[in-house]
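Just so it is clear: chains get the letters A, B, ... in the order the sequence lines come, proteins before strands, and each one is counted from 1. Since we're looking at a predicted model, the values are computed, not measured. All values below come from the heavy atoms of this structure, side chains included, with hydrogens, waters and symmetry mates left out.
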Amino acid sequence: MYLGVHVSTDRKSLTGKTMEFDFKHIEEKWQKVWRERKLYRSQSLPDKRKYYVLEMFPYPSGRIHMGHVRNYTIGDVIARYKMLRGFNVLHPVGFDAFGQPAENAAIKNNTDPGKWTCECIDRMKKELFRMGFSYDWDRELATCLPEYYKWNQWIFLKMFEKGLAYKKASYVNWCPSCLTTLANEEVIGGGCWRCSTPVVEKELDQWYLKITAYSDKLLSGLDTLKNWPERVLTMQKNWIGKSYGVEIYFKLENGEVLRVFTTRPDTIFGATYVVLAPEHPLVKQLIVNKPQEKEVLGFIDKVAAESKLARVGTDVKKEGKFTGAYAINPVNGEKIPIWVADYVLMEYGTGAIMAVPTHDQRDFLFAKENNLPMRVVITPKDKESRVEDMVEAYEDEGIMVNSGAFNGYTSAEGKKKIALWMEEKLMGKASVHWRLRDWLISRQRYWGTPIPIIYCDSCGVVPVPEEALPVVLPKNVKISGEGGSPLGKVKSFVETQCPKCRKKARRETDTMATFLDSSWYFLRFCSPRDTKAPFDIEEAKYWMPVDQYIGGIEHAVLHLLYSRFFTKFLKDLGQVHLAEPFDRLLTQGMVLKDGEVMSKSKGNIVDPDEIIKKYGADTLRLFILFAAPPEAELDWNDTGMDGAWRFLCRVWRLVAALPHTGALRKDKGQLLPGRHCAVIKKMHKTIKKVTQDMEGGFKFNTAISSIMELVNELYRLSEPEQKSEEAVDALRAIVTLLAPFVPHVCEEMNHMLGGKESVFKASWPSFDEAFIKEDEVSYVIQVNGKVRSKVNAGVEASEEEVKLLALGDPKVKEWLKGISVKKIIVVPGKLVSIVAVPASGRG
RNA sequence: GCCGAAGUGGUGGAAUGGCAUACACGACGGUCUCAAAAACCGUUAGGUUCACGCCUGUGAGGGUUCGACUCCCUCCUUCGGCACCA
């Protein structure tokens with residue numbers, strides 16, 4: 001039996017005599033044991049409560065960084081804790097293996113992206129393994145394998161069947177560096193999410209998924225996510241962006257109708273011009289044969305050439321041109337000019353607005369610049385406002401004026417009344433507009449899932465039949481990196497037969513956005529080897545939802561929105577029973593160094609591998625968990641690592657100093673009764689506190705600190721006392737309480753304490769209130785809000801008794817000299833607050 | 001501009017209406033040692049006092065309360081997200 005205390009050879013700075021433990025030996029030993037015994041293999045057991053804990057699976061870059069370490073450590077602690085609580089835990093891992101980095105690496109090194117990815121996965125697995133994570137490796141998956149992406153194609157075809165996958169020509173976001181299109185969610189601050197290059201617009205024929213069909217459900221579903229961070233909910237809510245308003249119909253001279261969306265129908269009488277987005281389909285009709293034609297066309301080209309970033313920048317001046325055409329305001333028959341301007345966006349609302357310069361700041365600035373008319377239609381209460389005095393638009397609510405029959409109403413009333421009136425007179429229609437756009441999924445890249453579509457000259461767009469799946473991504477493809485879908489150059493792939501008419505046809509050569517792969521992988525983990533379906537419905541019924549999901553905030557509106565969309569779609573398809581995939585969400589904070597994000601360019605990266613070599617995985621885990629709460633940012637510091645290491649050594653020494661485990665029970669120490677109680681009481685208190693911290697939101701840092709307190713308590717004992725039965729009981733509790741955080745060393749200590757099984761087969765220690773209960777409580781005594789003394793009182797003491805005790809206290813008496821007591825507040829078990837005023841009777 | 005989060009010792013952080021600064025890091029002092037390291041013990045918000053103490057103190061200011069880091073109002077600062085959304 002291993003009982004020895006080894007001197008670490010890797011850490012020169014802390015080599016003591018029998019002070020340290022050999023983490024290298026211990027970690028390797030237990031990782032091997034766990035693997036061989038398949039300790040973390042999971043299977044559905046209908047009679048057992050399940051717990052599905054999942055961390056956002058990694059992109060296999062080949063190396064893990066501190067962000068990964070933190071993310072997966074948090075998940076691992078939760079998984080191990082739930083195991084100890086008797087749950088049937090599912091804790092899988094896989095790789096989000098399609099994507100551009102592999103393709104770029106392939107271009108650079110002239111290798112195959114598949115080979116590169118597999119090598120990265122292997123390297124990464126070794127690193128993950130060294131951290132001691134409790135993954136069920138039998139469920140490992142990689143999205144780049146045909147057995148996985150076949151089901152991406154299957155889901156796509158189901159969507160196509162339901163009209164939720166469609167192709168359309170439109171203006172799309174284009175990254176000039178990645179040479180591919182981007183979804184709206186992938187444009188971050190006007191730049192590409194991957195390389196930050198300013199995104200430009202391009203008119204292309206592309207595939208979309210109709211996520212907007214689920215706008216309402218995606219929005220209302222947010223209310224059911226009680227255990228998601230407020231921040232993420234808000235971000236999704238804003239992203240979906242529901243606004244209520246009215247669509248108003250303006251007649252044009254040529255008989256066409258221009259639809260305009262507004263959230264302020266109460267200002268319609270103040271509309272003095274209308275503005276179209278430069279891309280608006282009516283613009284070109286309106287200017288035909290007008291003197292303005294040439295100028296407007298020039299302006300449209302100019303806007304089209306601008307990057308999105310340049311167009312929507314804060315300080316960019318709004319520019320526009322008069323089209324020469326007019327529209328009729330339906331409420332008063334007024335003929336108002338139609339302009340084209342860059343501040344109106346085609347992708348929102350109807351791509352056209354009614355401009356009310358007096359009550360919209362953007363319209364105000366634009367009208368001033370271009371000498372357009374203005375009319376006040378809303379005034380602040382009890383105040384007159386005049387156009388001549390206005391220095392900015394009045395955007396608040398107010399009283400309607402110059403608005404015909406609606407004069408005198410408040411804007412809130414007016415909004416409702418005008419909407420009703422317009423509907424009645426067919427001038428417009430109450431409507432809702434969304435900010436959310438359909439999800440553009442075509443990518444002009446190689447390393448992704450082929451879109452299972454065939455183009456036939458006779459039959460048109462034909463889906464690949466289900467039985468012909470997967471459409472396998474061809475290997476050995478020459479990727480130039482010069483743009484254009486690489487699959488387009490693979491003759492054997494492109495040329496195919498039409499599934500309908502058997503004539504020659506062509507395959508779609510774009511691949512799917514990789515966010516599609518990750519939109520349902522959590523379902524695949526329920527039955528990862530299923531060959532008949534994306535996942536087994538019964539298995540999913542047992543394991544889903546993910547009880548605890550953990551990942552970075554950067555996916556607040558990308559992955560987390562798409563996954564919700566897919567789950568809702570699969571529910572409608574009858575594949576899954578729930579509408580929301582993730583019950584609880586924890587967004588872990590970033591790992592910083594000197595207050596800055598770790599990055600190659602800043603040269604401030606701390607490599608987990610080096611830290612593991614120097615301190616071991618347990619110490620690294622402990623430091624990361626102890627240094628900050630999981631949601632908060634964590635500033636890396638090396639001395640903190642030493643602290644974590646020292647603590648583990650302190651615990652280790654207590655265990656290592658015990659005589660051979662077999663003799664322990666006989667070796668009753670000689671504890672004084674008072675001491676005896678103190679250790680046992682502290683143990684029960686600690687178990688209670690740690691349990692509460694784990695249950696009430698995973699407050700690992702405070703859980704660990706309370707375990708430290710218990711350890712400190714043991715160090716206050718004499719050496720013989722440290723070997724007493726009571727101390728050993730406390731040590732056993734410590735080992736189990738610490739096990740989720742530092743699993744290897746706890747396995748070893750559990751073994752040293754005579755444990756025959758893995759510590760994770762044990763159950764979480766329980767506490768007994770009877771041991772925690774105090775006979776006496778210390779009451780704080782405040783006089784006029786300041787702490788002046790303390791008294792001890794029995795737990796059972798009545799308020800009256802406590803009051804008398806407080807008033808009898810000599811220090812309190814001193815403070816009450818010359819003033820008279822007005823009121824005494826007793827908070828049972830806590831404090832007495834005495835309110836007193838000067839006795840001189842002035843008041 | 002809008003939305004969100006945060007602001008506490010030299011540092012990371014704890015306390016969500018009841019003793020502010022648990023736990024840890026760092027620093028200082030001590031024990032052990034020829035010495036150092038390690039380990040162990042102690043001190044460590046500021047001011048004031050020989051001392052017991054007392055006063056001040058959780059970004060700023062105000063309010064509610066017997067009592068506020070905690071709740072409310074008005075600001076300031078930092079970070080994050082969104083941003084011509086009609």
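From A:Ile211, atom CD1 reaches atom CG of A:Asp438 across 8.0 Å, with rounding to the nearest 0.5 Å.
Rounded to an integer number of Å, the gap from A:Leu717 CG to B:C41 P is 11 Å. When the P atom of B:C66 is taken as reference, atom CD1 of A:Ile781 falls 20 Å away, rounded to whole Å. Counting to the nearest Å, the P atom of B:A83 and the CE atom of A:Met235 are 10 Å from each other. Between the C1' atom of B:C84 and the NZ atom of A:Lys368 lies a distance of 20 Å, rounded to the nearest Å. As a whole-Å value, the separation of A:Leu592 CG from B:C79 P is 12 Å. Following rounding to the nearest Å, A:Arg264 (CZ) and B:A86 (C1') show an atom-to-atom distance of 11 Å. B:G81 atom P lies 14 Å from atom NE2 of A:His555, rounded to whole Å. For A:Leu558 and B:C82, the CG to C1' distance is 13 Å, given to the nearest whole Å.
In this structure, A:Arg437 reaches neither bases nor backbone, as no heavy-atom distance under 4.0 Å exists between it and the strands shown. Contact annotation for A:Pro229: no contact, since no heavy-atom pair falls under 4.0 Å across all strands. Counting any heavy atom pair closer than 4.0 Å across all strands shown, A:Glu230 reaches no nucleic acid atom. Residue A:Trp636 is classed as having no contact, given no heavy-atom separation below 4.0 Å to the nucleic acid. A:Arg231 comes within 4.0 angstrom of sugar-phosphate atoms only, judged by non-hydrogen atoms across all strands, and of no base.
For the C1' atom pair drawn from B:A39 and B:G7, the interatomic distance equals 38 Å after rounding to whole Å. Atom P of B:G30 sits at a distance of 24 Å from the matching atom of B:G10, rounded to the whole Å. Atom C1' of B:G1 sits at a distance of 24 Å from the matching atom of B:A60, rounded to the whole Å. Across the C1' atoms, B:G63 and B:G13 are found 30 Å apart, a figure rounded to whole Å. With both ends at atom P, the span from B:C23 to B:U44 equals 12 Å, rounded to whole Å. Remark: the separation of the P atoms in B:A20 and B:U56 is 12 Å, to the nearest Å. Look at the C1' atom in both B:C72 and B:U16: the space between them is 15 Å, to the nearest Å. Comparing B:G26 with B:G81, their C1' atoms are spaced 35 Å from each other, to the whole Å.
Between A:Lys811 and A:Thr262, the residue whose closest nucleotide on RNA chain B is further toward the 5' end is A:Lys811. If A:Lys786 and A:Glu319 are placed on RNA chain B by their nearest nucleotide, the residue sitting closer to the 5' end is A:Lys786.
The side chain of A:Ala628 sits closest to B:G13 out of B:G4, B:C40, B:G13. Closest to the A:Tyr348 side chain, of the nucleotides B:A86, B:C41, B:C82, is B:A86. Here the side chain of A:Leu345 is nearest to one of B:A86, B:C40, B:A14, namely B:A86. Distances were taken from every side-chain heavy atom of A:Ala627 (C-beta onward) to each of B:C85, B:C55, B:G12; the shortest belongs to B:G12.
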Could you walk me through whether A:Glu185 and A:Trp239 pass side chain to side chain donor-acceptor pair (under 3.5 Å), step by step?
CA-CA 9 Å; A:Glu185 288 78 12; A:Trp239 189 262; 2.8 Å; yes
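Residues from residues 353-364 of chain A placing a heavy atom under 4.0 Å of any atom in RNA chain B, listed by number, are A:Ile353, A:Arg362.
Counting only residues at least two apart or on different chains, the salt bridge (charged side-chain N to carboxylate O under 4.0 Å, His left out) pairs with a member in residues 230-245 of chain A are A:Asp216-A:Lys242. Sequence neighbours left out, the pairs with a member in residues 686-695 of chain A that pass salt bridge (charged side-chain N to carboxylate O under 4.0 Å, His left out) are A:Arg85-A:Glu695, A:Lys688-A:Glu769, A:Lys689-A:Asp693.
Here the side chains of A:Phe269 and A:Ile418 are in contact, with some heavy-atom distance below 4.5 Å. Taking the side chain as every heavy atom from C-beta outward, A:Ile353 and A:Asp363 approach each other to under 4.5 Å. Using a 4.5 Å heavy-atom threshold, the side chains of A:Glu201 and A:Glu347 count as touching.
Under 4.0 Å is where a charged nitrogen must lie from a carboxylate oxygen, and between A:Glu247 and A:Arg259 at least one such pair does. The pair A:Asp266-A:Arg264 counts as a salt bridge, with a side-chain nitrogen and a carboxylate oxygen less than 4.0 angstrom apart. Taking a cutoff of 4.0 Å between a charged side-chain nitrogen and a carboxylate oxygen, A:Arg716 and A:Glu713 qualify as a salt bridge.
Every stem involving RNA chain B, taken as at least 3 paired positions in a row under the Watson-Crick or G-U wobble test at 3.5 Å, is listed here: B:1-7 with B:76-82, B:10-12 with B:23-25, B:26-31 with B:39-44, B:45-48 with B:53-56, B:59-63 with B:71-75.
Under a cutoff of 6.0 Å and an axis angle of 45°, A:Arg650 and A:Tyr715 form a cation-pi pair.
Every residue meeting the side chain to side chain contact (heavy atoms under 4.5 Å, CB included) condition with A:Lys822, not counting sequence neighbours, appears here in chain and number order: A:Val837.
No side-chain donor-acceptor contact under 3.5 Å links A:Arg437 to the backbone of A:Tyr348.
Put simply, the side chain of A:Lys823 and the base of B:C66 share no donor and acceptor less than 3.5 Å apart.
In this structure, B:G9 shows a glycosidic angle within 90 degrees of zero, which is the syn conformation.
Residue A:Pro357 comes nearest to A:Gly270 through the heavy atom pair CD-O, 4.1 Å, listed as atom of the first residue, atom of the second, then distance.
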Contact letters for nucleotides 18-28 of chain B, in which S counts primed atoms plus P, OP1 and OP2 and B counts the base, heavy atoms under 4.0 Å:
BB--BBSSS--
